[in-house]
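Letters A, B, ... mirror the listed sequences (proteins, then strands); counts begin at 1.
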Number of protein chains: 2
Amino acid sequence: MSRRERPRSSPTIGDVAKAAGVSTATAARALGGYGAVSPAVRDRVAAAAEQLGYRRNSLARSMITGTTHTIGLVVADIENPFFARAARGVADVAHAAGYEVLLVNSDEDPATERAAVRTLFEKRVDGLIIAPASTDVGSHLGELPKRGTPIVLLDRVVPGIEADAIVVDNERAARGAIGHLVGLGHRRIALLTSQGLIHTNQMRLAGYLQGLELAGILVDERLIRMAEYTREAAVRETVSVLALDDPATAIFTTDNLMSLGAFEGAQRAGRAVPEEVSIVGFDDLEWTTIVRPPLTVVAQPVNELGAAAARRLLARLAGDDGPPRTLTLETTFIVRGSTGPAPVHATG
Amino acid sequence: MSRRERPRSSPTIGDVAKAAGVSTATAARALGGYGAVSPAVRDRVAAAAEQLGYRRNSLARSMITGTTHTIGLVVADIENPFFARAARGVADVAHAAGYEVLLVNSDEDPATERAAVRTLFEKRVDGLIIAPASTDVGSHLGELPKRGTPIVLLDRVVPGIEADAIVVDNERAARGAIGHLVGLGHRRIALLTSQGLIHTNQMRLAGYLQGLELAGILVDERLIRMAEYTREAAVRETVSVLALDDPATAIFTTDNLMSLGAFEGAQRAGRAVPEEVSIVGFDDLEWTTIVRPPLTVVAQPVNELGAAAARRLLARLAGDDGPPRTLTLETTFIVRGSTGPAPVHATG
DNA sequence: GCTGTGGTTGGGAACGTTCTCACAAGTCGC
DNA sequence: GCGACTTGTGAGAACGTTCCCAACCACAGC
């Protein structure tokens with residue numbers, strides 16, 4: 001109890017060096033595994049470190065090396081299963097490569113996002129994976145690559161920015177979904193999306209419109225619903241679109257929360273699925289197979305989306321300085337029981 | 001283009017000071033908002049910082065101040081909605097107080113957890129919130145508080161450790177759920193939980209046993225199922241427990257994944273819920289109200305669990321050094337359509 | 001015996017901040 | 001008009017590590 005110099009601060013590499021009877025430089029080499037150290041000294045230092053309970057200070061290390069082995073991840077809301085899955089994909093790949101993940105929720109708010117990016121940069125993350133909230137050229141996003149911090153865009157692209165991106169072909173996926181419904185004879189197809197059109201939803205809307213056009217169906221604006229981003233609002237819009245004089249016979253939703261709302265809305269409106277109304281959801285969550293009928297969906301490789309983003313970022317950190325690449329992953333259209341032939345009285 | 005000294009490294013406070021014609025100490029005071037600086041100098045420094053695009057280096061700052069404004073969060077799996085919600089609760093409270101969250105998945109693996117705790121400590125997080133995988137006295141957990149890094153246990157307690165904990169009364173919740181089923185006349189009540197009993201599940205098992213004992217029901221070990229932690233395994237165990245000569249008339253599950261499996265298992269076994277088998281789930285997720293029948297559940301205040309953990313940790317960081325406290329939050333028992341009277345032929 | 005070589009080791013600078021201290025220039029009270 | 005206090009400023013140490021470089025040693029080659 002007599003040799004305590006600092007009461008409750010961690011021992012430093014200097015303390016270890018002193019205990020082992022070597023210089024700090026040598027102790028650092030022994031513990032850091034770089035440079036040349038004789039086996040005898042290495043063991044002596046290791047023993048001293050063990051005995052003192054030495055833990056390296058990454059902060060000091062990062063100051064010198066210029067790398068923190070930390071990547072920033074900015075998503076809208078980790079509570080949303082889509083982002084949770086993507087985050088898991090990111091974390092797994094990052095962790096395997098010795099990186100940790102600093103997580104921030106932006107709630108789709110550009111101001112929050114901007115502040116988050118700034119904070120993450122001040123913490124000197126080695127790179128950033130971000131699902132950008134706004135599609136306008138965020139100066140805060142362009143700034144980092146210029147300073148040498150690579151960015152990978154997750155799920156959404158920002159036109160003006162020079163950065164890698166991992167996305168799916170939302171336009172094509174949506175067009176395909178509409179094609180499926182058209183093939184079943186539907187002509188009154190509603191779109192249920194959320195207000196404040198984020199990039200992916202814009203693309204899905206575009207795909208919806210293209211799908212209609214390909215089928216020669218005129219757009220009915222009353223069938224395009226942009227709900228507040230809550231389950232209850234989605235339910236209301238669904239009930240409303242099913243209560244039209246000429247109601248929708250099919251509903252295409254643009255994400256998992258809207259799918260949930262559409263499903264519940266059909267239940268609440270007392271419409272049989274798929275006899276009276278077909279539903280196509282976006283994202284394949286666990287529940288889609290235990291509801292009755294099970295949900296037809298556009299499934300995204302969500303986990304892989306995150307994993308690919310992390311791999312891309314790691315490649316940049318490893319020195320890849322080629323031109324920005326956009327990687328487009330494939331979606332899968334899974335037909336289940338929630339889509340069926342359009343009701344007879346509503347077609348032709 | 002002529003005055004660039006470092007090509008693509010961020011300007012330092014020294015660069016700002018030089019540009020503003022003051023010392024680094026003064027520039028630091030002006031930008032850091034501490035000490036005394038004259039308004040004129042403050043403006044001059046701010047202008048120089050703005051013009052150079054100065055961003056403070058938190059690493060260097062943390063070295064001096066000894067605080068990183070970062071907290072570590074170790075959960076089993078961020079993809080699990082339970083942890084995603086808790087993480088959101090943590091992140092919101094932390095963010096409001098100016099803290100960021102470093103997230104690690106442990107996959108319930110003690111070795112991974114141990115390594116994570118070590119890494120987080122090396123990165124000098126100010127504190128740690130952890131849902132510990134193992135209930136044995138983790139030396140890696142005891143270590144940190146001794147070094148002055150506070151820990152808050154989330155959702156699970158570790159008996160030997162001196163740390164705050166935020167939990168729910170799992171024993172009582174489980175006992176109550178069993179009581180509900182007993183009250184409906186059930187005497188063949190199965191328990192569906194997962195292998196490698198984590199702390200919460202041990203408590204829920206204990207509550208289950210107590211519930212049976214209170215009702216004077218003898219334990220039938222064939223009704224206690226510990227599935228591999230996958231949906232498919234949960235389905236199999238459910239089908240199996242419903243295929244007994246004297247099958248279960250009710251199933252109580254110990255978490256949301258097991259609930260999903262039980263629900264699907266009943267479907268696959270062709271048993272009507274609740275006419276032939278009642279189901280009580282643990283955790284109230286979005287899907288529980290859109291399946292038919294909707295699920296009776298023990299609902300936990302998951303988000304609040306995380307938020308409370310963060311508040312507790314912040315209190316510690318603010319200097320609270322009272323004895324460790326365990327905060328027990330209330331669960332809610334929500335009766336929906338998945339529980340009903342026991343089938344006549346199976347009772348008394 | 002002198003020089004060269006390769007493996008070890010230590011001294012000290014560097015990273016970018018904050019903090020402590022000393023000092024200069026006012027300001028106030030008497 | 002002099003000490004005590006306040007306010008603003010700068011010099012330099014400190015945080016704990018890594019990196020650069022010089023020095024040392026042993027040994028081989030000539």
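Following rounding to the nearest Å, B:L59 (CG) and D:dA14 (P) show an atom-to-atom distance of 21 Å. To the nearest angstrom, P of C:dG12 lies 17 Å from CD1 of A:I64. Atom P of nucleotide C:dT17 and atom CZ of B:R55 are separated by 12 Å, given to the nearest angstrom. The distance between atom CG of B:L31 and atom C1' of C:dC19, rounded to the nearest whole Å, is 16 Å. Between the CZ atom of B:R124 and the P atom of D:dG16 there is a distance of 8 Å, rounded to whole Å. Atom CZ of B:R61 is separated from atom C1' of D:dG16 by 18 Å (rounded to the nearest Å). In this entry the distance linking NZ of B:K18 with C1' of D:dG10 reads 15 Å, nearest Å. Atom CG in A:N57 sits about 7 Å away from atom P in D:dG16, given to the nearest Å.
Cation-pi check for A:R56 over A:Y54 is not met; the charged atom does not lie both under 6.0 angstrom from the ring centroid and within 45 degrees of its normal. For the pair A:R124 and A:F121, the cation-pi test (distance below 6.0 Å, angle within 45°) is passed.
Out of D:dT18, C:dT17, C:dC19, the shortest distance to the side chain of B:Y34 is found at C:dC19. Distances were taken from every side-chain heavy atom of B:R29 (C-beta onward) to each of D:dC21, D:dG8, D:dG10; the shortest belongs to D:dG10. Nearest to the side chain of B:T12, among D:dT9, C:dA14, C:dT17, sits C:dT17. Proximity note for B:M63 (side chain, C-beta onward) versus D:dT18, D:dG16, C:dT17: the nearest is D:dG16. Among the nucleotides C:dG10, C:dT18, D:dG16, the one closest to any side-chain atom of A:A25 is C:dG10. Candidate nucleotides C:dC19, D:dT9, D:dG8 were compared by shortest atom distance to the side chain of B:T65, and C:dC19 ranks first.
In summary, B:D77 and A:R85 do not engage in a salt bridge, as defined by a charged side-chain N under 4.0 Å from a carboxylate O.
Side chain to side chain, B:T70 and B:K123 fail the donor-acceptor criterion of an N or O pair below 3.5 Å.
Within the 3.5 Å criterion, the main-chain N or O of A:V167 finds no donor-acceptor partner in the side chain of A:D155.
DNA chain D is contacted by both A:A28 and B:V37; B:V37 maps to the nucleotide lying nearer its 5′ end (nearest heavy atom per residue).
Side-chain nitrogen and oxygen atoms of A:Y54 include at least one within less than 4.0 Å of the OP1 or OP2 phosphate oxygen of D:dT17. The side chain of B:S38 contributes an N or O atom lying less than 4.0 Å from OP1 or OP2 of D:dT9. At D:dG10, one or more side-chain N or O atoms of B:S23 fall inside 4.0 Å of OP1 or OP2 (strictly under the cut-off). Of the side-chain N and O atoms in B:R56, one or more sit less than 4.0 angstrom from OP1 or OP2 of C:dT18.
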